[in-house]
Each structure stands twice: as structure tokens, then as C-alpha cells.
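For reference, positions follow the sequence shown, starting with 1. For ligands, and for the atoms within them, numbers begin at 1 and follow the listed sequence.
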Amino acid sequence: MKVAIGSDHAGFEQKPALVEWLTSLGYEVIDLGPTTDARCDYPDFADKVARYVAEGKADRGILICGTGIGMAITADKVKGVRASCIQTPHFAHLFREHNNGNVVCISGRFTPYEINRDIVKEFLTTEFAGGRHAGRVDKIMREDDDAFCGVCA
Ligand code: RB5
């Protein structure tokens, strides 16, 4: 499985260890930066990783910023991406099982590395359940369609 990863300065510290750990497990990791902890703008890296996933150049994406929130807001705006900010392994499991999430956004400042590692593990190993969730995910994705005019109130 190909996994794209990116961060900002606030998420940078945890990125190398995650890359090394994922590589040791056999994942093909594409590190889209940054390469130093110099102050930078999280939307630039969220955009890069989200587009890699949306364009099929990676199967999943991982983004790390201070909270994970800015990364999730940005990545989710890219068509084809289902991104969320995740703080527990259990939510990571449900994010895959129910929402077929393809970009996980985690906090480098408030979530310890060991927890983030477990979040990423759940994110990469849990299958989408399909079934009743499939139609709901289809309804999420219609929001990407410019021709969709919204659900009538
Ligand atoms: C950077 O200070 C911080 O705003 C960023 O890492 C992230 O938490 C934004 O959502």
C-alpha cells in the first residue's frame, strides 16, 4: 500500500518516526514534506497529500499539524478526499469502517506519538464495512459534484 505523508512545523517532530515505522512494516511511504521544522503553512502540505490520494498516486494519506484540524479542513475540500481529524485509535477504526476515510489528520502537539502510531495502524489496517454505510458515503461524495444542488429542505 502506498501512503503519502505530510506535516507542518507543528507536526514535523513526529513525522520521521512515523515514516520509519511505516517503512519497517512494508508500506511504501511518500514523504511530501516539509524537510525541516521551519515555520510553514499547513494548507500547502494538506493540499499536496490530498491531491496525491485523490489522483490515485497514493492509497491513503496522513497529515500532522498542531491539532490536525487545519489539515482536515483543507484536505477534505479536495474532490475525492474524505479527511478527518482523529484523536483516538477507536475513532480511526470507525473512520475507516463507517466513512471509508482516506486521509487521516493527527495532532503533533496534543496527541502522544504512541497514540498516533496506534491511530495510523487502525487507519491503515481497517477495511470499509460497506453495506448500509456505502450509500451514506455515496451521499458524502455527491457534495463533490458541481451539478448537485443540495437536499431539498
Ligand atoms: C500552527 O501554529 C497551527 O495553527 C497548525 O499546526 C494547526 O494546528 C492548524 O490547524
Worksheet, complete the sentence: side-chain hydrogen bond (donor to acceptor under 3.5 Å, both in side chains) with H93: of D118, T125, T126, T88, only one passes, and it is T126
Worksheet item: Can you list the steps and then say if K15 with D31 is a salt bridge (Lys or Arg N to Asp or Glu O under 4.0 Å)?
Response: CA-CA 9 Å; K15 185 163 65 72; D31 186 349; 2.8 Å; yes
Worksheet item: Is it true that atom OH of Y27 has more than 12 heavy atoms of other residues, nucleotides or ligands lying nearer than 6.0 Å?
Response: yes
Ligand-protein N/O pairs under 3.5 Å (ligand 1):
from	atom 1	to	atom 2	distance (Å)
ligand 1	2 (O)	R109	NH1	3.4
ligand 1	6 (O)	D8	OD2	2.6
ligand 1	6 (O)	G66	N	2.7
ligand 1	8 (O)	G66	N	3.3
ligand 1	8 (O)	T67	N	2.9
ligand 1	8 (O)	T67	OG1	3.2
ligand 1	10 (O)	T67	OG1	3.3
ligand 1	10 (O)	G70	N	2.8

Item to complete: Provide the full list of ring-ring contact (aromatic ring centres under 6.0 Å, His included) pairs with a residue in residues 28-49, sequence neighbours left out, each pair given once.
Response: none
Worksheet item: Mind checking whether L63 and V103 have side chains closer than 4.5 Å, heavy atoms only?
Response: yes
Practice prompt. May I ask you to test the N99-L94 pair for a side-chain heavy-atom distance under 4.5 Å?
Written response: no
